[in-house]
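A, B, ... follow the sequence lines: proteins, then strands. Residue 1 opens every chain.
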Amino acid sequence: MDTSDPDLLPADLLPEGLEDRLPRAAAAATRVMRTIHGVMEGHGYDRVLPPMIEFERSLASRMAGITSRRMFRFVDPQSLRMMALRSDITPQIGRIAGTRLAAAPRPLRLCYAGQVVTIKGDGLDPAREKLQCGAELIGADNVAAAAEVVAVAIEALQAAGAKGVSVDFTLPDLVDTLAAEALPLAPGQIDAVRRELDTKDAGGLVDAGGEAYVPLLYATGDFATAIDKLAAIDAGGALAGRIAALREIALRLDGRARLTLDPSERHGFEYQSWFGFVLYAEGVRGALGRGGTYRIAAPDADGAGHEGEVATGFSLYPDALIDLIASAEPPADKLFLPLGHDRAAADRLRAIGWRTVAALSEADEAATLGCTHVLGAAGPVAL
Amino acid sequence: MTTATPLVFALPKGRILDEALPLLDQAGVVPEAAFFDKSSRALSFATSRPDVTLIRVRAFDVATFVAHGAAQAGIVGSDVIDEFDYADLYAPVDLDIGHCRLSVAEPVGGTGDGGSARESHARVATKYPNLTRRHFEKMGVQAEVVKLNGAMELAPSLGLASRIVDLVSSGRTLKENGLVETSQIMQISARLIVNRAALKTDSARLGALIDAFRTHVAARKAAA
């Protein structure tokens with residue numbers, strides 16, 4: 001079939017990477033989102049609701065490393081400027097913190113939940129629409145802020161039903177820090193070394209001129225042992241501060257999740273500074289979220305960003321968790337209300353949590369409509 | 001935490017397999033007898049370690065299985081890793097086996113149509129469309145890639161493409177088909193690969209496996 005001819009495609013085919021969530025998965029999605037939000041709110045993070053669409057420049061200029069290349073873009077018929085659908089909510093929070101809430105006291109705690117869209121799927125994951133829930137602590141990027149943010153992220157995932165949560169710590173600006181003095185690299189080599197470190201390709205790393213960086217590949221794995229290995233190879237003490245900070249964060253987490261360390265991980269850390277983390281859970285392939293410390297750029301009138309405020313935050317992408325929960329969950333109870341039922345009784349039952357399905361005609365049947373109980377004279381009767 | 005589920009290790013059919021098995025032995029993973037039985041049609045095999053299962057698939061599929069996390073680890077050439085460039089693959093150990101190179105070859109005496117580095121368009125037959133395109137782009141040539149799954153050497157003589165990009169080890173196959181190697185794209189060796197997320201969530205088992213391979217490769221290098 002010639003897929004370039006739109007008339008040959010079925011009219012109601014969904015584009016690649018987009019899907020409908022049917023009742024069971026939608027119910028799980030709602031509950032997961034609500035639970036995550038509840039945890040963030042409980043820790044003092046206030047929810048904000050930025051729009052789906054913004055000017056491309058404001059979405060792309062708040063964080064170093066975010067490009068608009070992966071965004072759906074189009075011309076605004078009103079202003080004739082380029083607009084884009086958000087592919088990440090974090091820059092929107094940065095914009096809000098830097099403009100309308102610029103005068104709010106710091107540290108400022110904000111959270112959000114909403115759909116984000118990209119023009120292409122991410123590597124092996126074809127999904128182009130994702131749910132993103134997260135929290136940002138603006139005005140602090142120290143150990144206390146990092147420890148709070150990691151702890152809230154873990155708690156949110158666990159509350160939402162994730163089992164066996166594990167957190168992988170990383171040092172996103174590791175190569176820059178080391179290349180500055182301890183293990184010097186030519187400017188042209190830095191990108192290649194960073195790339196080979198990211199794929200953990202020992203052979204490629206040597207070829208790229210990063211032989212001195214090979215031991216970093218070994219300082220990965222369970223946090224307690226890997227951090228000792230990293231400390232042992234710390235060239236000239238350049239990382240001493242970072243290592244002490246990581247140990248302190250780990251200590252404050254106090255066994256709430258399994259911890260691992262991968263100091264040279266860069267994947268997905270486009271704008272993070274000294275500290276980053278990735279969240280995983282049992283039964284979910286791939287990461288469920290990530291976070292870290294970063295700096296919100298403050299664009300000047302000419303659009304060029306200069307260094308702005310520091311911040312710490314996390315983003316969860318709970319879609320895979322939602323699918324896992326939805327598939328494992330038994331269908332919820334539903335109460336059938338026959339024609340002429342006792343309305344007051346039905347009201348009382350709904351008030352204590354029952355879901356009811358009222359008959360509209362004699363033809364309606366409890367079992368066909370997916371009900372588990374029928375309202376009898378003495379109350380709900382199991383089918 | 002996931003010790004109940006077996007670790008799936010993917011091995012490629014073909015040139016790397018014979019060299020990879022001794023390394024696997026040394027890492028304490030010995031396949032069951034059926035693995036060596038040519039008539040066996042099984043696709044997955046038990047090993048001397050109850051928590052490790054072997055699968056034998058095409059080289060390109062090794063990378064795909066591991067990148068998707070369907071297998072947690074595997075052995076594959078760096079040609080395949082670079083062709084796919086999957087973000088979810090780690091290649092922590094250069095196994096120093098399966099050495100060869102990825103090269104451009106064309107008929108002896110030129111392509112006949114005056115083709116050389118000067119042209120802005122080239123038609124190339126290969127199993128490696130991404131690496132081929134990238135290589136020619138670097139030289140400022142827009143390559144039209146004809147994807148083949150084997151017998152690339154036939155393409156120039158039958159007029160399918162003016163040149164080919166393929167693996168070369170001794171160069172004998174090229175010679176027998178009237179082709180000559182004109183440039184090398186990259187040197188290749190086999191790597192131990194692991195799934196990124198699996199390494200994070202199952203770091204005890206995969207970390208030990210990586211360490212075992214690393215130790216044996218280092219010992220072999222020291223002995224050589």
_If the test is side-chain hydrogen bond (donor to acceptor under 3.5 Å, both in side chains), which one of B/Thr47, B/Thr53, B/Asp51 qualifies with B/Arg49?_
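Of the listed options, the one satisfying the test is B/Asp51.
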*Closest non-hydrogen atom pair, A/Leu259 against A/Ala250*: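 So the minimum-distance heavy-atom pair works out to CD1-CB, 3.6 Å.
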*Does the separation of the ring centres of B/Phe45 and B/Phe35 fall below 6.0 angstrom?*
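Centroid separation for B/Phe45 and B/Phe35: below 6.0 Å.
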_Evaluate A/Thr118 against A/Ser87 for side chain to side chain donor-acceptor pair (under 3.5 Å), listing each step before the verdict._
CA-CA 5 Å; A/Thr118 49; A/Ser87 61; over 6 Å; no
_Residue-level contacts of residues 80-100 of chain B with chain A, using a heavy-atom cutoff under 4.5 Å_ =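 Checking residues 80-100 of chain B against chain A gives B/Tyr86, B/Ala87, B/Asp88, B/Leu89, B/Tyr90, B/Ala91, B/Pro92, B/Asp94.
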Under a plain distance cut-off of 3.5 Å, with no hydrogens placed, do [Y] and [X] share a side-chain donor-acceptor pair?
{"X": "A/Asp88", "Y": "A/Gln132", "result": "yes"}
{"X": "B/Gln184", "Y": "B/Ser103", "result": "no"}
{"X": "A/Asp168", "Y": "A/Thr260", "result": "yes"}
{"X": "A/Arg258", "Y": "B/Ser203", "result": "yes"}
{"X": "A/Thr312", "Y": "A/Thr293", "result": "no"}

Which bit of [X] is near chain B, if near means a heavy-atom gap under 4.5 Å: side chain, backbone, both or neither?
{"X": "A/Glu265", "result": "side chain"}
{"X": "A/Asp207", "result": "neither"}
{"X": "A/Asp201", "result": "both"}

*When only heavy atoms count and the cut-off is under 4.5 Å, which of residues 221-229 of chain A reach chain B?*
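Only A/Gly221, A/Asp222 of residues 221-229 of chain A have a heavy atom under 4.5 Å from chain B.
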*Any donor-acceptor pair under 3.5 Å linking the side chain of B/Asn195 with the backbone of B/Ala67?*
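Here the side-chain-to-backbone pair exists.
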*Is the charged tip of B/Lys200 near the ring of A/Tyr280: under 6.0 Å from the six-membered ring centre and within 45° of its axis?*
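Relative to the ring axis of A/Tyr280, which defines the angle, B/Lys200 lies outside at least one limit.
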